[in-house]
Amino acid sequence: MKTKTPTDIEEIIDPLDMNNYRVELFKTTEKVGFERWMKIFGLPAAIVSFIFIYYFANISYLNHAKADVLQSGGLQRLKELGAIKFSHINYAMLAIFASAIILWITEAIPNYLTSLMVILAMVLTGVTSEEVAYAQLGHPVMWLNILSFILASMLVTTHVAKRFALWFVIRFGKNATGIFFSFIVINLVLSIFISATTAKATILLPIFMVIAAIYGAGATHRNNFGRNIVLQNLYQITVGASGFITGSGANLLAGSIIAGALGRKFFGFQDWFIAAFPLSIILIITGWFFGTKLIFPMKLSEQTPQIAGGMERLRKEYKLMGKMTTNEYKSIAIFVVVLVLWATDKQHGISQTAVALMGAIVALLPKVGVVKWNDVDIPWHLMIFSAGAYALGIGLDTTDLPASMIDALFTHFNITKTTPFWILYLGLTFVMLFSAVLFQSKTTRALIFVPMAIGIAQKFGYPIMSLAFPVALLIEHVYVLPFNSKPAILLYSTNQYSMVDSFKYGIIMMFIAWIMIIIWGMTLLRYLHYTPNGVFF
C-alpha cells in the first residue's frame with residue numbers, strides 16, 4: 001500500500017511539530033498489488049455471486065421451511081406463502097449475505113453504499129418488510145453509537161483527551177519503558193470514555209509520532225522503537241476497547257444480540273467488565289513484552305532520545321494549552337457521572353443508551369453544556385454502514401439460514417451431540433479470532449459469529465453465554481494487516497513499519513489471544529458460571 005500525502009512526509013522540516021502529523025496528511029492511500037485486484041474484481045464477483053445463488057443454486061438444506069422462525073417483521077406474512085416461497089427467501093438471504101461480504105472485504109465500493117444496497121435488496125426480494133429494514137437506523141445500538149460520538153466530541157472539542165495524554169506522557173514517560181506504559185494507561189482510560197477506536201487513534205497519533213521522532217524513528221528511517229510505539233498503540237487501541245461493552249459499537253451489538261437471546265433488555269456493563277477488563281490488561285501487557293523484548297527488540301541506542309530537547313517540546317505543547325477551562329471541568333464531570341451510571345446499571349436498571357442520552361442532553365444544553373451541535377463529529381457514513389449490517393443481521397435471524405447452515409456443517413463434519421464442549425469452544429473461538437485477518441468490519445463479524453455461537457450452544461444444550469460470550473470478547477482483535485480496521489489503515493500510513501512487520505506482530509499476538517481465551521474459559525469464565533464445570537479436556 002503506497003501512501004500519498006498532500007505534503008511529502010520526507011520533506012517535514014521539524015519532526016517535533018505536531019502539526020506535521022495531522023491525520024489529513026496520512027489518510028489518502030492508493031491500493032496496490034493484491035488489494036488493488038480485490039477492489040477491481042470485488043463488484044463483478046459480488047454480482048456473479050448474487051445471481052448464481054439467487055437464480056441457479058440448488059442447496060438441499062435451503063429447500064425447506066421452518067414455521068417456528070416465521071415470527072417477525074416481513075416474514076410473518078410468509079406463513080401463508082408455503083415452503084416453496086420460504087425456500088426462495090432463504091436463497092435470497094444467502095445471496096445478499098454472500099455478495100455483501102464480498103463487497104465489504106474487497107472494498108470495491110464504499111461500505112456505506114454496500115449497506116444501502118443490502119437494505120434495498122432485502123426489501124425487493126421479500127426477505128423482510130420496508131418497516132423492519134428501514135427501522136434499523138433507529139436500533140438502540142445505533143442510538144448509543146451516535147450518543148457516544150457526541151460525548152467523545154465533547155472530550156475532543158474541549159481538548160481534555162489531548163491534555164490528559166500529554167500530561168501523562170510528560171509525567172511518567174521518563175524513559176522508553178515509561179513511555180510505553182504511559183500509552184498503555186492512556187489507551188485504557190480513553191477506552192472507557194471514547195467508543196470510537198478511530199477517534200482514539202486520531203487523538204494519539206501526533207503525540208506518539210513526535211515521541212517516535214525523539215527516539216530516532218523518522219519518515220525515511222525506521223527503527224524498532226518506531227515499530228513498537230505505533231504497533232503497540234494500534235494493539236492497545238483495539239484490545240483496550242474489548243475491556244468495555246461501551247468500547248465500540250461492535251461490542252454493543254454483540255451484547256444486544258446475546259441479551260436478546262437471553263430475554264434481557266440489555267447486556268450489563270458490569271457483566272462485561274468483570275470478565276473482559278482483566279483479560280484486556282493481561283493481553284496488552286503481554287503485547288508490550290513480546291513486542292519490545294522478542295519480536296522487535298530495541299537496541300540501547302533506540303531506547304535513548306536522539307533529538308536533544310525533544311521532551312521539552314512536548315512540555316511546551318502542554319503549556320500552550322494553558323490552564324484547564326470551565327468547559328474541561330464540565331466535560332470531566334459529565335463523563336464521570338455517565339461512567340458511574342454505566343458501571344452501576346445492574347443496580348438502577350437504566351440501559352447504557354438511556355444513560356448516554358442523559359449525558360448528551362446535558363453536554364448540548366445551552367449555557368450549561370460544553371459542546372454545540374456543529375462541533376459534534378458524527379461519522380454518518382459509519383452509521384449507515386452499521387444500519388445495513390444490523391439489517392443483514394435481522395435477515396439472518398428471521399430466516400432459518402444460520403440454523404440450516406450450522407446443521408449442514410455439523411452433518412458434513414459428523415459433529416453430533418456427543419461432541420465434547422471443548423472442541424466446540426476451541427473451534428468457535430479460533431474461527432472468530434482469525435476471521436479478523438479477512439474481515440474489515442467488526443460489526444460484520446459480530447453479526448455472523450455471535451448468532452452462530454448462540455445457535456450452536458442451543459443446539460447442544462449448553463448455556464448461551466458459554467459460547468457466545470467468549471466469541472464476543474474476541475471482536476476487537478483487528479490488528480494483523482493494515483486493512484483489518486480503520487485504526488490499522490490510519491497507523492500503517494505513518495510509514496513506521498511494513499506489512500510484514502504488522503503481520504509478524506499481529507499473528508503472534510492473535511495466537512496468544514486464542515490461548516488466553518481458552519485459559520479464560522477454563523478459569524474466570526468457569527468461576528463466573530459462564531462456561532460449565534468439567535467440560536474442558
Side-chain angles (χ1 to χ4, degrees), residues 136 138-149 151 191-197 238-280 338-339 341-357 382-383 386-387 389-390 392-394 396-397 428-429 432-433 441-455 457-458 463-478 517 520-521 524-525 528-531:
Q136 298 316 300
H139 193 288
V141 177
M142 288 287 296
W143 270 97
L144 186 50
N145 281 334
I146 293 169
L147 296 168
S148 294
F149 277 111
L151 294 173
S191 293
I192 301 173
F193 300 109
I194 300 177
S195 61
T197 52
T238 54
V239 176
S242 69
F244 311 91
I245 191 170
T246 54
S248 79
N251 289 354
L252 292 165
L253 175 61
S256 175
I257 294 171
I258 295 173
L262 293 171
R264 301 180 189 172
K265 290 184 178 180
F266 58 89
F267 195 104
F269 184 97
Q270 293 177 51
D271 294 331
W272 188 290
F273 177 83
I274 291 170
F277 185 68
L279 178 61
S280 175
V338 167
L339 181 60
L341 290 174
W342 275 344
T344 56
D345 55 2
K346 292 182 73 173
Q347 284 69 45
H348 53 66
I350 304 174
S351 71
Q352 295 103 345
T353 303
V355 169
L357 184 55
L382 292 182
M383 298 298 102
S386 297
Y390 298 157
L392 195 66
I394 288 292
L396 292 172
D397 187 51
L428 274 172
T429 52
M432 174 58 170
L433 193 58
S441 169
K442 295 179 291 187
T443 302
T444 302
R445 288 169 59 240
L447 282 170
I448 295 172
F449 295 107
V450 174
M452 181 185 296
I454 292 172
Q458 292 173 328
I464 287 172
M465 288 286 283
S466 67
L467 294 175
F469 191 40
V471 164
L473 294 181
L474 300 174
I475 290 172
E476 299 298 324
H477 290 261
V478 285
I517 199 66
W520 223 239
L524 183 61
L525 296 185
L528 295 172
H529 306 296
Y530 294 152
T531 52

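What you are looking at is a predicted structure, and each value in this text was computed from that prediction instead of being measured.
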> Of the non-hydrogen atoms in Asn251 and Ser242, which two are nearest, and what is the gap between them?
Replying inline: ND2-CA, 3.9 Å

>> Can you give me the closest heavy-atom contact between Thr531 and Gly521, atom names plus distance?
In response: OG1-O, 2.7 Å

> What distance separates Ile464 CD1 from Leu262 CG, expressed to the nearest 0.5 Å?
Replying inline: 5.0 Å

> So do the side chains of Phe244 and Ser280 get within less than 4.5 Å of each other, counting heavy atoms only?
Replying inline: no

> His348 side chain to Leu341 main-chain N or O, any donor-acceptor pair under 3.5 Å?
Replying inline: yes

> Considering only heavy atoms from C-beta outward, does the side chain of Ile448 approach that of Met432 to under 4.5 Å?
Replying inline: no

> Would Leu428 and Met452 count as a side chain to side chain contact (heavy atoms under 4.5 Å, CB included) if you check the C-alpha gap in whole Å, the side-chain angles of each, and the deciding distance to 0.1 Å?
Replying inline: CA-CA 9 Å; Leu428 274 172; Met452 181 185 296; 4.1 Å; yes

> Passes side chain to side chain contact (heavy atoms under 4.5 Å, CB included), Phe273 versus Ile245? Steps please.
Replying inline: CA-CA 7 Å; Phe273 177 83; Ile245 191 170; over 6 Å; no

> Could you state the interatomic distance from CZ (Phe469) to CG (Leu528), rounded to the nearest 0.5 Å?
Replying inline: 8.0 Å

> Would Trp272 and Phe277 count as a close aromatic pair, with their ring centres under 6.0 Å?
Replying inline: no

> Closest heavy-atom contact between Ala468 and Ala453?
Replying inline: CA-CB, 3.7 Å

> What's the shortest heavy-atom distance between Ile257 and Ala446, and which atoms?
Replying inline: CD1-O, 4.1 Å

>> Keeping Thr238 on the side-chain end and Val478 on the backbone end, is there a donor-acceptor pair under 3.5 Å?
In response: no

> Rounded to the nearest 0.5 Å, how far apart are OG of Ser256 and CZ of Arg264?
Replying inline: 12.5 Å

>> Just verifying a value: how many Å separate Thr246 OG1 and Leu339 CG, rounded to the nearest 0.5 Å?
In response: 7.5 Å

> Can you name the residues that form a side chain to side chain contact (heavy atoms under 4.5 Å, CB included) with Leu357, not counting sequence neighbours?
Replying inline: Leu147, Ile361

> Tell me, do Leu253 and Lys442 make a side-chain contact under 4.5 Å, heavy atoms counted?
Replying inline: no

> Just wondering, do Gln347 and Gln270 contact through their side chains at under 4.5 Å, heavy atoms?
Replying inline: yes

>> Does Ile517 form a side chain to side chain contact (heavy atoms under 4.5 Å, CB included) with Leu279? I'd like the steps, not just the answer.
In response: CA-CA 8 Å; Ile517 199 66; Leu279 178 61; 3.9 Å; yes

> Which pair of non-hydrogen atoms, one from Pro470 and one from Thr429, has the smallest distance, and what is that distance?
Replying inline: CB-CG2, 4.2 Å

>> Measuring from atom CH2 of Trp520 to atom CG of Leu525, what distance do you get when rounded to the nearest 0.5 angstrom?
In response: 8.0 Å

> Can you name the nearest heavy-atom pair linking Trp342 to Ile192, along with the distance?
Replying inline: CZ3-O, 4.0 Å

>> With rounding to the nearest 0.5 angstrom, report the CG to OH distance, Leu467 to Tyr530.
In response: 14.5 Å

> Is any side-chain heavy atom of Glu476 closer than 4.5 Å to a side-chain heavy atom of Val239?
Replying inline: no

>> Quick one, Arg445 with Val450, criterion side chain to side chain contact (heavy atoms under 4.5 Å, CB included). Give me CA distance, side-chain angles, the key distance, then yes/no.
In response: CA-CA 8 Å; Arg445 288 169 59 240; Val450 174; over 6 Å; no

